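This one's a predicted model, so the numbers in the text were calculated from it and none came from an experiment.
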Amino acid sequence: MTDLHRNKLLTALSEADRRLIADNGTYCEVPIGSRLWSPFEDRKQVYFPLSGLLSITLERESSLTEVAIIGTDGFCGGHALCEGVVLPFTALVQISPLHAWSMSAELLRTLTIRSMTLQQALLRYTFDLIVQISETAYANARQTVEQRTARWLLLCCDRLERDSIDVTHDLLAMMVAAQRTGVTAAIHLLEEKGAIRSRRGTVIMRDRAVLEGIAGAGYSRPRAAFDYGSSADAE
């Protein structure tokens with residue numbers, strides 16, 4: 001059986017709620033570059049990543065801008081909690097292939113009606129995702145390319161649970177809403193400060209504290225897994 005404990009949100013659920021998800025979903029693998037859904041599409045599936053990253057992007061005038069990153073910290077498909085909701089976002093598999101536990105959005109809605117504790121845990125994560133989207137807006141509007149690059153690297157490392165990321169400067173530029181030349185300069189600055197080491201196609205985090213200091217107010221760590229279950233435990 002697939003180890004659902006690889007997803008922090010699922011790990012924090014009660015055994016009964018985790019069993020509801022386990023009994024009604026299926027394991028899937030999605031290659032890098034795949035698009036799970038398009039803007040304003042009626043999404044039929046939700047995904048709980050077990051490894052890999054999902055990039056939530058907004059597309060305007062043939063250009064993509066990333067607004068959030070989802071990994072093993074949560075799930076992709078908060079829209080499923082409210083029937084009929086469609087959103088302007090694209091969900092792309094980036095950086096690493098996606099291994100996930102997937103299930104029908106309609107079925108998940110039914111399960112959250114049966115279990116209030118499951119509903120509350122999923123809503124908590126959805127609210128955290130809204131915070132991340134807000135922090136991305138702040139970073140893109142107020143922070144330097146160096147700060148945005150530091151923030152993005154931290155967000156990815158947190159969700160991949162490792163200290164290295166395979167990424168090109170072209171992709172990184174798209175993810176942080178910057179020009180490639182600006183990202184290249186930012187990578188050099190981060191290296192000079194000892195925060196990272198960069199090799200062709202790979203960035204390695206060397207000093208998290210330095211990287212967090214550079215990222216500043218635009219970065220916050222994912223919620224600790226036990227926080228998702230705290231209200232459920234209290235009930």
Side-chain angles (χ1 to χ4, degrees), residues 8 32 49 52-74 76 78 87-96 125-225 227:
K8 292 182 175 62
I32 294 175
L53 284 180
L54 278 169
S55 177
I56 308 304
T57 64
L58 192 64
E59 186 172 358
R60 291 291 185 271
E61 300 177 353
S62 301
S63 178
L64 290 177
T65 300
E66 185 177 75
V67 297
I69 302 171
I70 298 173
T72 57
D73 57 317
C76 185
L87 298 172
F89 303 128
T90 298
L92 297 171
V93 179
Q94 300 277 33
I95 308 301
S96 176
Y125 177 75
T126 300
F127 292 148
D128 282 354
L129 199 61
I130 292 171
V131 171
Q132 188 191 149
I133 292 171
S134 300
E135 289 177 341
T136 299
Y138 166 81
N140 289 347
R142 299 289 185 180
Q143 292 193 313
T144 65
V145 176
E146 181 190 6
Q147 289 176 303
R148 301 202 303 268
T149 300
R151 173 183 180 267
W152 188 85
L153 292 172
L154 286 164
L155 290 174
C156 288
C157 286
D158 289 341
R159 288 155 180 81
L160 287 170
E161 299 183 276
R162 63 178 192 236
D163 291 338
S164 66
I165 303 169
D166 296 328
V167 60
T168 64
H169 289 195
D170 286 328
L171 178 59
L172 184 50
M174 182 174 69
M175 295 298 99
V176 301
Q179 298 295 319
R180 186 188 188 282
T181 53
V183 165
T184 299
I187 290 293
H188 290 326
L189 286 171
L190 293 174
E191 282 193 285
E192 289 173 4
K193 295 175 182 178
I196 65 170
R197 183 168 74 250
S198 178
R199 299 189 306 220
R200 186 173 182 83
T202 302
V203 177
I204 302 168
M205 181 166 58
R206 295 181 59 195
D207 193 321
R208 168 177 279 274
V210 171
L211 208 56
E212 287 185 3
I214 295 168
Y219 166 74
S220 61
R221 289 173 181 257
R223 183 191 293 265
D227 286 345

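Without hydrogens or angle criteria, Glu146 side chain to Leu190 main chain gives no donor-acceptor distance under 3.5 Å.
Going from atom CD1 of Ile95 over to atom CG of Leu54 covers 11.5 Å, rounded to the nearest 0.5 Å. Taken to the nearest 0.5 Å, the CD atom of Glu59 stands 5.0 Å off from the CG atom of Leu64. A distance of 4.0 Å separates SG in Cys156 from CD1 in Ile69, rounded to the nearest 0.5 Å. Taking NE2 from His169 and CD from Gln179, the interatomic distance works out to 14.5 Å, rounded to the nearest 0.5 Å. To the nearest 0.5 Å, the span separating CG on Asn140 from OG1 on Thr65 amounts to 7.0 Å. Interatomic distance, Ile196 CD1 to Cys157 SG, rounded to the nearest 0.5 Å: 10.0 Å.
Closest approach of Val145 to Gly182, counting heavy atoms only: CG1-O, 3.6 Å. Between Ser96 and Ile32 the shortest heavy-atom distance is C-CG1, 3.5 Å. Across all their heavy atoms, Ala195 and Leu211 have their closest contact at CB-CD1, 3.7 Å. Heavy-atom minimum distance, Ala173 versus Val183: CA-CG2, 3.5 Å. Taking every heavy atom of both residues into account, Asp207 and Gly194 meet most closely at CB-O, 3.6 Å. The two residues Pro49 and Gly74 come nearest to each other via the heavy atoms CD-O, 3.4 Å.
Between Ser198 and the choices Ile204, Val167, Ile187, the side chain to side chain contact (heavy atoms under 4.5 Å, CB included) rule is met once, by Ile187. Put simply, the residue from Leu155, Leu153, Leu154 that forms a side chain to side chain contact (heavy atoms under 4.5 Å, CB included) with Arg151 is Leu155. Checked options Gln143, Gln147, Arg148; the residue passing with Val176 is Arg148 (criterion: side chain to side chain contact (heavy atoms under 4.5 Å, CB included)). Checked against Ile56 for a side chain to side chain contact (heavy atoms under 4.5 Å, CB included), the options Thr136, Ile133, Ile70 give a single hit: Ile70.
A heavy-atom distance below 4.5 Å is not found between the side chains of Thr57 and Phe89.
Under a 4.0 Å N-O distance rule, the pair Asp158/Arg208 qualifies as a salt bridge.
Each salt bridge (Lys or Arg N to Asp or Glu O under 4.0 Å) pair with one or both residues in residues 178-192, not counting sequence neighbours, appears once here: Asp170-Arg180.
Residue-environment remark: CZ (Arg162) exceeds the threshold of 12 foreign heavy atoms within 6.0 Å.
Under the rule for a side chain to side chain donor-acceptor pair (under 3.5 Å), the partners of Asp166 that lie at least two apart in sequence or sit in another chain are Thr202.
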